[in-house]
Amino acid sequence: MTYRVEKTPFGPIAHVQLNRPDKHNGLTLPLLAGLTRAARQAAKDRTLRAVIISGAGKSFSAGLDFASLQGKEKSIYRNFIPNLVKGSNGFQDPAWEWRRVPVPVIAVVHGHCYGGGLQIAMGADFRFATPDADFSVLEAKWGLIPDMSASAALAQLTTIDIAKRLTMTGEMFSADHAKEIGLVTGVAEDPMAEAMALIEKIASRSPDSVASTKTLLEKTWSRSPRFSFPVEQVLQLRLLRGKNHAIARKAGMKRTTPEFVDREL
């Protein structure tokens, strides 16, 4: 896995790339740990405006590399131990930790996107795929369930009958079908260009309001209004006291382009 930061006219963007092209980016324990570290590194960088996750070679990821786990039973079981505060474990963090990063995270998908690879993509905020990309909740083939945060991601992205069908059958489906059922944001010949265009739009807004929007929706999406309203209130009060709100307000009144400072929240 590689992690690099690109300077763009609208701010720094982190590029995270799965880098086992000879194995269709099959997931190993070190690669999973690297993804978690990358997410936590990105979360600490207040200058970042976005993260892009992609795969080297012919595929985004063909899922877990079972051969790489031979003789590593102790490490496997250690990864099942959950964090007592977050509730997620070493297999769920590589996908779900991206939901905790306070900037938009976009998965750019091509080739195979199976099993754990699909769950990593679903951990992003948005997914753009090539027309020839193919998908599968492949764990059914191995007599398993998807356990890298798919239960939470699928509940947000699609309906329960579709989620049950995909996880019970492990059937393959196309990028167009993935978009139709809500698992993909867009399908394009150049998904990286689509990702960059969306980042440019989002980056025109305050990095603090973007971060707070992500926090708001992640915390409240499946909760009651009684829980959600106080979260709205607290986040809005913090934004009202921030520098970037003052910059946005001043630019809006003068009809000029705001020049935001690095994220405060």
Side-chain angles (χ1 to χ4, degrees), residues 1 16-36 38 52-70 72 76 79 89-99 105-158 162-188 191-192 195:
M1 192 212 74
V16 178
Q17 188 173 64
L18 309 180
N19 198 15
R20 297 186 73 218
D22 56 321
K23 298 291 185 181
H24 287 272
N25 298 314
L27 303 173
T28 63
L29 293 179
L31 196 157
L32 292 173
L35 282 167
T36 300
I52 292 176
I53 306 174
S54 63
K58 295 181 179 180
S59 294
F60 180 79
S61 174
L64 193 63
D65 182 350
F66 281 97
S68 72
L69 301 180
Q70 295 297 320
K72 297 181 180 178
I76 292 171
N79 270 277
N89 65 23
F91 290 111
Q92 294 157 338
D93 281 338
W96 202 251
E97 198 73 15
W98 299 105
R99 296 296 186 96
V105 178
I106 302 178
V108 174
V109 178
H110 72 291
H112 302 325
C113 187
Y114 301 159
L118 176 56
Q119 291 177 84
I120 290 166
M122 291 194 297
D125 301 301
F126 308 97
R127 286 150 297 282
F128 292 100
T130 57
D132 60 350
D134 59 336
F135 301 79
S136 173
V137 184
L138 198 59
E139 287 80 2
K141 177 180 178 180
W142 309 108
L144 299 171
I145 60 169
D147 68 335
M148 288 176 56
S149 75
S151 55
L154 286 169
Q156 290 181 346
L157 299 175
T158 193
I162 290 174
K164 286 178 179 178
R165 174 171 178 156
L166 297 180
T167 56
M168 289 177 180
T169 66
E171 63 191 16
M172 303 289 174
F173 53 100
S174 67
D176 285 335
H177 186 64
K179 184 176 186 300
E180 181 184 338
I181 62 178
L183 299 191
V184 163
T185 309
V187 178
M192 185 65 75

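What's counted below: heavy atoms across the whole structure, side chains too, no hydrogens, waters or symmetry copies.
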How long is the straight-line distance from [atom2] of [Y] back to [atom1] of [X], given to the nearest 0.5 Å?
X	Y	atom1	atom2	answer
N19	N25	CG	CG	7.0 Å
M1	T28	CE	OG1	11.0 Å
Q119	W96	CD	CH2	11.0 Å
K72	I76	NZ	CD1	9.0 Å
F91	N79	CZ	CG	4.5 Å

Practice item. For the pair F173 and F135, name the ring-plane relationship: parallel under 30°, tilted 30 to 60°, perpendicular over 60°. Key: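 Parallel: the ring planes of F173 and F135 meet at under 30°.
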Just wondering, do [Y] and [X] contact through their side chains at under 4.5 Å, heavy atoms?
X	Y	answer
K179	D176	no
D134	H112	yes
L118	V137	yes
Q156	R99	yes
M172	L138	yes
D147	L144	no
T158	L166	no
L27	S61	yes

Check your understanding: L154 and T167: side chain to side chain contact (heavy atoms under 4.5 Å, CB included), yes or no, with the steps?
Key -> CA-CA 10 Å; L154 286 169; T167 56; 4.0 Å; yes
Closest heavy-atom pair and its distance - [X], [Y]:
X	Y	answer
L32	M148	CD2-CE, 3.8 Å
C113	F60	SG-CD2, 3.9 Å
G170	A140	N-CB, 3.8 Å
W98	L35	CZ2-O, 3.5 Å
E97	T36	CG-O, 4.4 Å
A95	I120	CB-CA, 3.8 Å

Practice item. Identify which one of H110, R20, K23, H24 satisfies the side chain to side chain donor-acceptor pair (under 3.5 Å) criterion when paired with S59. Key: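 The residue from H110, R20, K23, H24 that satisfies side chain to side chain donor-acceptor pair (under 3.5 Å) with S59 turns out to be H24.
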**Study point:** Polar side-chain atom of Q92 near backbone of S149 as donor-acceptor pair, under 3.5 Å
**Key:**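 Pair absent, no side-chain N/O of Q92 close to backbone of S149.
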Exercise for review: Verify whether one side chain among T130 and D132 offers a donor that lies under 3.5 Å from an acceptor in the other.
Suggested key: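 Per modelled atom types, T130 and D132 side chains form a pair under 3.5 Å.
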Point to revise | Under the salt bridge (charged side-chain N to carboxylate O under 4.0 Å, His left out) test, residues paired with D125 that sit two or more places apart | key: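 By the salt bridge (charged side-chain N to carboxylate O under 4.0 Å, His left out) rule, D125 matches K214.
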Practice item. Test L157 against R127 for side chain to side chain contact (heavy atoms under 4.5 Å, CB included), laying out the working first. Key: CA-CA 11 Å; L157 299 175; R127 286 150 297 282; 3.4 Å; yes
Check your understanding: Please walk me through it: do L183 and M122 pass side chain to side chain contact (heavy atoms under 4.5 Å, CB included)?
Key -> CA-CA 7 Å; L183 299 191; M122 291 194 297; 4.1 Å; yes
